[in-house]
J.: 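Quick one: the structure is below, and I'll ask about it shortly.
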Protein chains: 2
Amino acid sequence: MVKKQLIMEKSLELFAEQGFEATSVQQITERCGISKGAFYLSFKSKDELIIALIDQFMMQSVSDIDYIVRNTKDDQLLYEFYYAIYQSFHKHSDFAKVLMKEFSQTLNKELFFKMQYYDQLIEKNILTMIERLYGNSVQHTKYDLMYTIKGFMNTYAHLFVFYNVPVDLQLLAESLAEKTNLLARNATIPFVSAELIKMIQPIDEEVSKEQLIDLIGQKMEEIEEPIEKESLFLLRQQLVEPSLSPAIVNGLLENIRNNPDCKWISYLLRRYAF
Amino acid sequence: MVKKQLIMEKSLELFAEQGFEATSVQQITERCGISKGAFYLSFKSKDELIIALIDQFMMQSVSDIDYIVRNTKDDQLLYEFYYAIYQSFHKHSDFAKVLMKEFSQTLNKELFFKMQYYDQLIEKNILTMIERLYGNSVQHTKYDLMYTIKGFMNTYAHLFVFYNVPVDLQLLAESLAEKTNLLARNATIPFVSAELIKMIQPIDEEVSKEQLIDLIGQKMEEIEEPIEKESLFLLRQQLVEPSLSPAIVNGLLENIRNNPDCKWISYLLRRYAF
DNA sequence: TTGACAAATGACTATTTGGTCATTATTATA
DNA sequence: TATAATAATGACCAAATAGTCATTTGTCAA
């Protein structure tokens with residue numbers, strides 16, 4: 001549906017400029033050159049639109065981060081991690097703006113839980129990364145380290161998302177990787193304990209195999225590209241009845257990984273299925 | 001004016017719960033038990049209210065931070081700095097919530113510049129602190145360090161402002177002081193350069209002596225307490241025609257420092273006059 | 001050319017908003 | 001008590017909002 005994509009693009013621009021609440025549906029339809037009715041043919045409500053935007057971006061980001069954490073050699077991991085994050089912020093700076101503007105905590109419950117969910121997935125990835133890189137030596141400080149890394153992400157993103165200055169992303173990633181390493185190897189006083197984390201984190205529910213199969217079915221109908229389509233088909237087969245070799249499965253996952261519409265499914269498959 | 005204070009208190013609660021845009025003037029007047037007209041006797045508009053709130057809190061915070069940076073011995077400075085910040089966030093958690101929710105960048109221009117102004121004052125204090133503690137050794141990394149410190153402030157504040165968990169502020173301050181020290185002494189790869197800072201920071205204008213004299217005059221009329229009142233009177237005299245000894249001036253500044261209504265003036269006097 | 005179906009329109013509604021102002025209540029003063 | 005001054009009220013307004021729906025327009029195959 002081309003119209004839906006148009007609305008999402010234009011509204012994202014407006015939200016980044018003015019904020020979500022301050023942007024009216026009328027403004028959106030004007031910028032799209034469509035009528036008000038047409039808007040409501042694509043989205044049930046204004047809320048549904050912002051949710052669609054959040055999902056689109058967060059699914060991509062989480063998938064990308066996960067892929068990097070899983071597939072980068074230790075000695076390059078921190079650097080690649082930061083680099084990927086900031087490249088994503090840079091590429092989708094309108095979106096990053098909206099995220100930073102709106103989702104400190106306001107808006108409706110559904111959105112809040114959604115953000116918390118994605119946030120948690122990212123935290124999980126960061127923790128995996130920390131444990132792999134530093135192992136037992138950060139046993140007591142790993143949660144602090146995780147928060148620090150999240151803090152770095154936010155702080156520096158702020159710096160270049162809101163001010164349009166040219167940024168050397170490689171240098172930024174290097175600089176933050178060094179800082180992170182220093183703290184991981186030398187910090188001794190933990191503040192964020194496992195108990196604290198437990199108090200503020202709800203348990204997230206897993207995605208079931210059946211849900212995954214349904215999801216793949218839906219996506220197959222939306223998608224045009226023959227390679228991606230067949231890959232999805234085969235991966236679904238594999239879920240129902242495993243028969244392919246690991247190398248083939250891996251290849252199929254690679255096929256869909258770089259298609260924005262499939263990223264999320266490839267993430268879910270990596271994470272929950274294979 | 002008691003009513004003005006009542007409105008500020010109750011509206012702050014509502015803004016913290018629901019956000020600024022989502023809170024109507026009607027809701028505010030209901031919670032205060034006053035009429036709509038009464039609201040507009042105290043504030044010209046809803047915007048003026050939020051500006052008053054921002055000013056009240058930020059003036060206190062900036063003054064407190066400045067005082068600590070000026071009057072703490074080096075070996076305790078980082079700890080006291082973080083401790084003061086988080087104590088303030090803790091004490092004024094409703095306010096901290098509003099700040100974090102709303103002022104990532106939305107709302108009107110005036111407010112944006114106001115926040116930028118206060119932010120800059122804080123940055124200046126952090127830089128002063130860094131330079132005093134580490135001197136030339138952080139010549140190239142001091143702006144990174146400043147951003148990191150700001151990042152720490154934000155990240156950890158988030159953690160305990162939004163989740164109502166009991167927090168050991170001393171431990172938090174210790175932990176962050178250690179991290180800051182580590183980075184200051186060992187980080188070598190700068191990302192935030194002096195040029196970058198220049199690109200994103202407007203020049204702030206100084207407060208003139210005449211403005212200060214006016215300001216003190218206004219405050220003297222508002223204030224009841226005899227000690228504070230006389231101190232203000234004498235300090236104004238001193239501005240017009242210096243005649244008191246440094247010790248006396250210092251004492252007078254101390255007299256007004258802990259009165260929330262005078263904090264800002266004591267800060268301005270320290271900074272721009274004496 | 002027709003007719004059936006889907007896509008798109010925009011006038012319309014119901015509600016809410018920030019803000020005003022003629023009126024009324026309260027307090028201080030003489 | 002009478003008068004003046006100040007504080008407080010809430011009905012009212014214009015503007016804006018999200019969302020609806022009877023109507024029109026466009027696009028097919030037959």
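Just so it is clear: chains get the letters A, B, ... in the order the sequence lines come, proteins before strands, and each one is counted from 1.
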J.: Applying side-chain contact (heavy atoms from CB on, under 4.5 Å), can you list everything that pairs with A:Phe233, at least two apart in sequence or on another chain?
T.: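 A:Phe233 satisfies side-chain contact (heavy atoms from CB on, under 4.5 Å) with A:Met220, A:Arg236, A:Gln237 only.
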J.: Quick one: closest heavy-atom pair of A:Val161 and A:Ser93, and the distance?
T.: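 Between these two residues, the closest heavy atoms are CG1-O, 3.9 Å.
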J.: Apply salt bridge (Lys or Arg N to Asp or Glu O under 4.0 Å) to A:Glu13 and list each qualifying residue two or more places apart in sequence or on a separate chain.
T.: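 Listed in chain order: A:Arg31.
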J.: Using ring-ring contact (aromatic ring centres under 6.0 Å, His included) as the criterion, list what pairs up with B:Tyr118, not counting sequence neighbours.
T.: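 By the ring-ring contact (aromatic ring centres under 6.0 Å, His included) rule, B:Tyr118 matches B:Trp264.
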J.: Taking only residues two or more places apart in sequence or in another chain, which ones pass salt bridge (Lys or Arg N to Asp or Glu O under 4.0 Å) with A:Lys44?
T.: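 So A:Lys44 forms a salt bridge (Lys or Arg N to Asp or Glu O under 4.0 Å) with A:Glu48.
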J.: Think B:Arg257 forms a cation-pi with B:Tyr67, using NZ or CZ under 6.0 Å from the six-ring centre and within 45 degrees of its axis?
T.: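 The answer is yes; both the distance and angle limits are met.
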J.: When you list every nucleotide of DNA chain C with an atom under 4.0 Å from a heavy atom of chain A, which one comes first 5' to 3', and which comes last?
T.: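 Going 5' to 3' along DNA chain C, contacts run C:dA8 to C:dG10.
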J.: Let me know the distance between CG of B:Leu41 and P of D:dT6, rounded to the nearest Å.
T.: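 It is 13 Å, rounded to the nearest whole Å.
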J.: Does A:Lys209 make a cation-pi contact with A:Tyr272 (under 6.0 Å, within 45 degrees of the axis)?
T.: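 Ring-cation test returns no.
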J.: Could you write nucleotides 10-28 of chain D as a row of B, S and -, 5' to 3', where a protein heavy atom under 4.0 Å of any base atom gives B, of only sugar-phosphate atoms gives S, and otherwise -?
T.: B------SBBBB-------
J.: Quick one: is the NZ or CZ of A:Lys10 closer than 6.0 Å to the six-membered ring centre of A:Phe15, and within 45° of its axis?
T.: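 Verdict for A:Phe15: no cation-pi partner in A:Lys10.
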